[in-house]
Asker: 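Dropping a structure here in structure tokens format, bear with me for questions.
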Amino acid sequence: MSLDALGPSGVAVLVLLAAWFLITVPHQLTNEYGKRVKRINMFALIPGWTFFAPTPGMTDYRILFRDRIGEEYTEWREIEWCRPRRLRDAIWHPARHRTKLIVDCVNAFSTTLQEMQKLGLDVEREPQSWMISVPYLALLNIAVSMPKLAPAATARQFAVIEQKPNAPTERPRLIVCSSAHDL
Amino acid sequence: MELPTSLTSPADACRLVSLLFGASIAVTFAERLSRARDYDAHGWFPWRIFRFDRTHFAMVRRSPRFFDALFGSVGMAIIAVLAISAVGVMWFSPVASGRFTAAVAVIVAASLLTHVRSTYGGDGSQQMNLVIGVSLLLGFNPWVRPAVGGVALVFIVAQSCLAYFTSGVAKLVSPIWMHGDPLVGIMGTTAYGSPLGYRLVSVDARTRKAICISMVLLETAFPIGLALPHGGLLAFLAWGVAFHISNAVFMGLNTFVWSFVATYPAVVWVWHLLH
């Protein structure tokens, strides 16, 4: 196939697709080149193909919330955001978008905390630094979208914990426990 | 819609690619449409939150009402309906005709808008759909010569081979994949596992290890299929279909079947080109 056979518009297509492919290659790497591409890849137009690797997700994320009534709190309640697999999920699976949203938000939130710590921020003492991050706000939004646990509830607190499903005796890891947000 | 009997011309390969790609798009947007309320102000995907990732774009700051409407539940439902309708038009239009191009342009625009709205909740099939959609749009339209279709198909194959190869290599260098027990770990989760899958992989550690290693090696070696005789290529593609179907059944990754298998007619066309 010669460039003459493509014509001017064809050559433009060739250059565009070649550039797209060439920038996709370093995006698969975890080194500085990969990080550079990730920084400019705001719309995820450059694909990342490292599915479930190098570290596959082998834990369950559980989201809990409780409401404040005056000075008291209700019991913790869990948000059932992911139900067990069904055979029909292989064909029709609208819930997968919510599943991926939670996984993405929790992972992005953990990354945000790590990056803030690298910058020298004390994320324990300065929660306002991550409370305005999009993944935190998205998780908070999910928590506050649940019905009130009591009519008189005035605020809601939520927590995200990580648990290994095959190790029931292992203590779950707390990822975040929010302050009480007004309802 | 006429299905091609061989895959020796770019147009024939494009017809089959568009058929499978269209299925992925139709299922993805129909799923989003069935959960349209998730995109309203109080749903799980509210633009009022995700727009904070986009406020550095002057257009988003200048026209907040437009973007509120576009990325709200009604706007997203309209985008989904347009994308699903465009799939029907694409399927029943001659390849590279004006109607075909318009339909693919609508699908690509809908996919791009989904990416622009938010990257949270997106997945690899969505990324492959964008790769395929843009390729079909640029390579099969009335304004480019037929040879450009070949360039588009080669690009699809390059991305497909890179996807399998990268996924395989990333596992090869991973201590968890090589020395741990990732299949039991993944299958045990609620999000991407299943009770049946967990029971199956829990039976025997040796069999599990063999499945794990063979999967990683086949992913990594996928591009070699292009250099093998016809039977070797078909064996790789048959493995790919089985792999994606098992991921759909056990992990709920339903649209990966359509979007990744959609690249296979292009793989076969490139194989013919090389042999």
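Numbered from 1 within each chain, the chains take letters A, B, ... in sequence-line order.
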Asker: Heavy-atom pairs under 4.5 Å with chain B - which of A:A138, A:P84, A:A18, A:A12 has more of them than the others?
Answerer: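 Option with the top pair count is A:A138.
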Asker: For atom CZ of B:R208, is the number of surrounding heavy atoms from other residues, nucleotides or ligands below 6.0 Å larger than 12?
Answerer: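 Result for CZ/B:R208: enclosed.
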Asker: Between A:A95 and chain B, with a heavy-atom cut-off of 4.5 Å, which part of the residue counts as in contact: side chain, backbone, both or neither?
Answerer: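 Looking at A:A95, backbone and side chain both touch chain B.
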Asker: Any chance CG of A:L22 has more than 12 other-residue heavy atoms, nucleotides or ligands included, within less than 6.0 Å?
Answerer: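 For A:L22, atom CG is crowded (more than 12 foreign heavy atoms under 6.0 Å).
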Asker: Quick one: which of A:M42, A:Q163, A:R88, A:K164 has the most heavy-atom pairs under 4.5 Å with chain B, could you say?
Answerer: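 Counting heavy-atom pairs under 4.5 Å, the top option is A:M42.
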Asker: Can you say whether A:L45 sits under 4.5 Å from chain B via the side chain, the backbone, both, or neither, judging by heavy atoms?
Answerer: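 A:L45 touches chain B through backbone and side-chain heavy atoms alike.
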Asker: Can you tell me if CD on A:E78 sees more than 12 non-hydrogen neighbours from other groups inside 6.0 Å?
Answerer: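 Counting neighbours around CD of A:E78, more than 12 heavy atoms of other residues, nucleotides or ligands fall under 6.0 Å, so yes.
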Asker: Atom NZ in A:K100, atom CD in B:Q126: separation rounded to 0.5 Å?
Answerer: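 Here the interatomic distance stands at 8.5 Å.
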Asker: Counting heavy-atom pairs closer than 4.5 Å to chain A, which one of B:L162, B:T28, B:T114 comes out on top?
Answerer: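 If we count pairs closer than 4.5 Å to chain A, B:L162 comes out on top.
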Asker: A:V134 versus chain B, heavy atoms under 4.5 Å apart: side chain, backbone, both or neither?
Answerer: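 Contact with chain B is through both the backbone and side chain of A:V134.
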Asker: Which residues in residues 47-54 of chain A have a heavy atom less than 4.5 Å from any heavy atom of chain B?
Answerer: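 From residues 47-54 of chain A, the residues near chain B are A:P47, A:G48, A:W49, A:T50, A:F51, A:F52, A:A53, A:P54.
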Asker: For the interface with chain A, which of B:V116, B:V257, B:V131, B:V144 has the highest count of heavy-atom pairs at distances below 4.5 Å?
Answerer: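 If we count pairs closer than 4.5 Å to chain A, B:V116 comes out on top.
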Asker: So for A:S145, is it side chain, backbone, both, or neither that comes closer than 4.5 Å to the heavy atoms of chain B?
Answerer: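 A:S145 touches chain B through side-chain heavy atoms alone.
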Asker: Measure the CG-CZ distance between B:L196 and A:R86 for me, rounded to the nearest 0.5 Å.
Answerer: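 Going from the CG atom of B:L196 to the CZ atom of A:R86 covers 15.5 Å.
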Asker: I want to check something: taking the side chain as every heavy atom from C-beta on, are A:L16 and B:L138 in contact at a cut-off of under 4.5 Å?
Answerer: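 Yes - at least one pair of side-chain heavy atoms lies under 4.5 Å apart.
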Asker: Output, in order, the C-alpha distance, side-chain angles, deciding distance and verdict of side chain to side chain contact (heavy atoms under 4.5 Å, CB included) for B:Y120 and A:C105.
Answerer: CA-CA 7 Å; B:Y120 291 96; A:C105 284; 3.9 Å; yes
Asker: At a heavy-atom separation under 4.5 Å, does B:R117 approach chain A through its side chain, its backbone, both, or neither?
Answerer: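 Nothing of B:R117, per the 4.5 Å heavy-atom cut-off to chain A.
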Asker: Between B:L130, B:D53, B:V27, which shows the greatest number of heavy-atom pairs under 4.5 Å with chain A?
Answerer: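 The option with the most such pairs is B:D53.
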Asker: If I measure from the heavy atoms of chain A, does B:V169 come under 4.5 Å with its side chain, its backbone, both, or neither?
Answerer: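 When you check distances to chain A, no heavy atom of B:V169 falls under 4.5 Å.
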Asker: If we only count heavy atoms from C-beta on, is the B:V148 to A:S9 side-chain gap below 4.5 Å?
Answerer: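 No, their side chains stay 4.5 Å or more apart.
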Asker: Is it the case that over 12 heavy atoms from other parts of the model lie below 6.0 angstrom from the CG atom of A:L87?
Answerer: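 12 or below, so no.
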Asker: Under 4.5 Å from any heavy atom of chain B, what part of A:S133 do you find: side chain, backbone, both or neither?
Answerer: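 No part of it gets close to chain B.
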Asker: With a 4.5 angstrom heavy-atom cut-off, could you sort out which part of B:H56 is near chain A: side chain, backbone, both or neither?
Answerer: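 Contact with chain A involves the side chain of B:H56 alone.
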Asker: Counting only heavy atoms closer than 4.5 Å, note whether B:N141 contacts chain A via side chain, backbone, both or neither.
Answerer: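 Neither part, no heavy atoms under 4.5 Å.
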Asker: Show the numbers, then the answer: is there a side chain to side chain contact (heavy atoms under 4.5 Å, CB included) between A:V13 and B:F155?
Answerer: CA-CA 10 Å; A:V13 170; B:F155 174 69; over 6 Å; no
Asker: Between A:R83 and chain B, which part of the residue has a heavy atom less than 4.5 Å away: side chain, backbone, both or neither?
Answerer: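 Only the backbone of A:R83 comes within 4.5 Å of chain B.
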Asker: Could you pull out the closest heavy-atom pair between B:W44 and A:M146, with the gap in Å?
Answerer: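 That would be CZ2-CE, 3.9 Å.
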Asker: Between B:Y164, B:F57, B:W143, who has the most heavy-atom pairs with chain A when the cutoff is under 4.5 Å?
Answerer: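 If we count pairs closer than 4.5 Å to chain A, B:F57 comes out on top.
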Asker: According to the salt bridge (charged side-chain N to carboxylate O under 4.0 Å, His left out) rule, which pairs have a member within residues 164-180 of chain B, sequence neighbours left out?
Answerer: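 Pairs touching residues 164-180 of chain B that pass the test: B:K171-B:E219.
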Asker: Can you tell me how far the CG atom of A:N41 sits from the OG1 atom of B:T119, to the nearest 0.5 Å?
Answerer: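 Between A:N41 CG and B:T119 OG1, I get 8.5 Å after rounding to 0.5 Å.
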Asker: Counting only non-hydrogen atoms closer than 4.5 Å, does A:I102 touch chain B with its backbone (N, CA, C, O), its side chain (CB onward), both, or neither?
Answerer: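 Looking at A:I102, just its side chain touches chain B.
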Asker: Please flag which part of A:L137 lies under 4.5 Å from any non-hydrogen atom of chain B: side chain, backbone, both or neither.
Answerer: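 Both backbone and side chain.
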Asker: So which of B:G197, B:G122, B:A163, B:A170 has the biggest tally of heavy-atom pairs under 4.5 Å with chain A?
Answerer: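 The residue among B:G197, B:G122, B:A163, B:A170 with the greatest pair count is B:A163.
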Asker: Just checking B:F165: does its CZ atom have more than 12 heavy atoms from other residues, nucleotides or ligands closer to it than 6.0 angstrom?
Answerer: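 No, the 6.0 Å shell around CZ holds no more than 12 heavy atoms from other groups.
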Asker: In terms of side-chain heavy atoms, does A:D60 have a donor or acceptor partner in B:T189 at a distance below 3.5 Å?
Answerer: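 Side-chain D/A pair, A:D60 to B:T189: absent.
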Asker: Give the minimum heavy-atom separation between B:Q127 and A:I46, together with the two atoms involved.
Answerer: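 Minimum heavy-atom separation between B:Q127 and A:I46: NE2-O, 3.9 Å.
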Asker: Restricting to non-hydrogen atoms, name the atom on A:R96 and the atom on B:D123 that form the minimum distance, rounded to 0.1 Å.
Answerer: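 Heavy atoms only, the tightest pair is NH1-OD2, 2.8 Å.
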Asker: Any donor-acceptor pair under 3.5 Å linking the side chain of A:N141 with the backbone of B:H42?
Answerer: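 No, A:N141 side chain to B:H42 backbone: no donor-acceptor pair under 3.5 Å.
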Asker: Which atom pair, heavy atoms only, marks the closest approach of A:I91 to B:E31?
Answerer: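 Between these two residues, the closest heavy atoms are O-OE2, 4.4 Å.
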Asker: A:V103 and B:Y192: side chain to side chain contact (heavy atoms under 4.5 Å, CB included), yes or no, with the steps?
Answerer: CA-CA 10 Å; A:V103 171; B:Y192 291 107; 4.2 Å; yes
Asker: Does A:Q128 CD have over 12 foreign heavy atoms under 6.0 Å away?
Answerer: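 Counting other residues, nucleotides and ligands, CD of A:Q128 exceeds 12 neighbours.
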Asker: Chain A: which of B:P182, B:S194, B:A191 shares the most heavy-atom pairs with it under 4.5 Å?
Answerer: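 Top option by heavy-atom pairs under 4.5 Å: B:A191.
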Asker: What distance do A:D4 atom CG and B:R145 atom CZ have between them, rounded to the nearest 0.5 Å?
Answerer: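 It is 7.5 Å, given to the nearest 0.5 Å.
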Asker: Would you indicate whether the side-chain heavy atoms of A:D89 and B:N254 approach each other to under 4.5 Å?
Answerer: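 They are not in contact (no side-chain heavy atoms under 4.5 Å apart), so the answer is no.
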Asker: Surrounding CD of A:E72 (heavy atoms of other residues, nucleotides or ligands, distance under 6.0 Å), is the total greater than 12?
Answerer: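 No, not enclosed.
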Asker: Heavy-atom pairs under 4.5 Å with chain B are the metric here; pick the option from A:P135, A:P8, A:A44 that has the most.
Answerer: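 Of the options given, most contacts go to A:A44.
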Asker: Does the side chain of B:T190 come under 3.5 Å of the side chain of A:R85 through a donor N or O and an acceptor N or O?
Answerer: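 The answer is no; no qualifying pair exists.
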Asker: Is B:L112 in contact with chain A via its backbone, its side chain, both, or neither, using a 4.5 Å heavy-atom distance?
Answerer: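 B:L112 touches chain A through side-chain heavy atoms alone.
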Asker: Chain A heavy atoms under 4.5 Å from B:M187: which part of the residue, side chain, backbone, both or neither?
Answerer: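 Contact with chain A is absent: no heavy atom of B:M187 under 4.5 Å.
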Asker: I would like to know whether A:H93 and B:L253 meet side chain to side chain contact (heavy atoms under 4.5 Å, CB included); could you show each step before the answer?
Answerer: CA-CA 8 Å; A:H93 192 194; B:L253 301 173; over 6 Å; no
Asker: Less than 4.5 Å apart, any side-chain heavy atom of B:D38 and any of A:H97?
Answerer: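 In short, these two side chains do not touch, never coming nearer than 4.5 Å.
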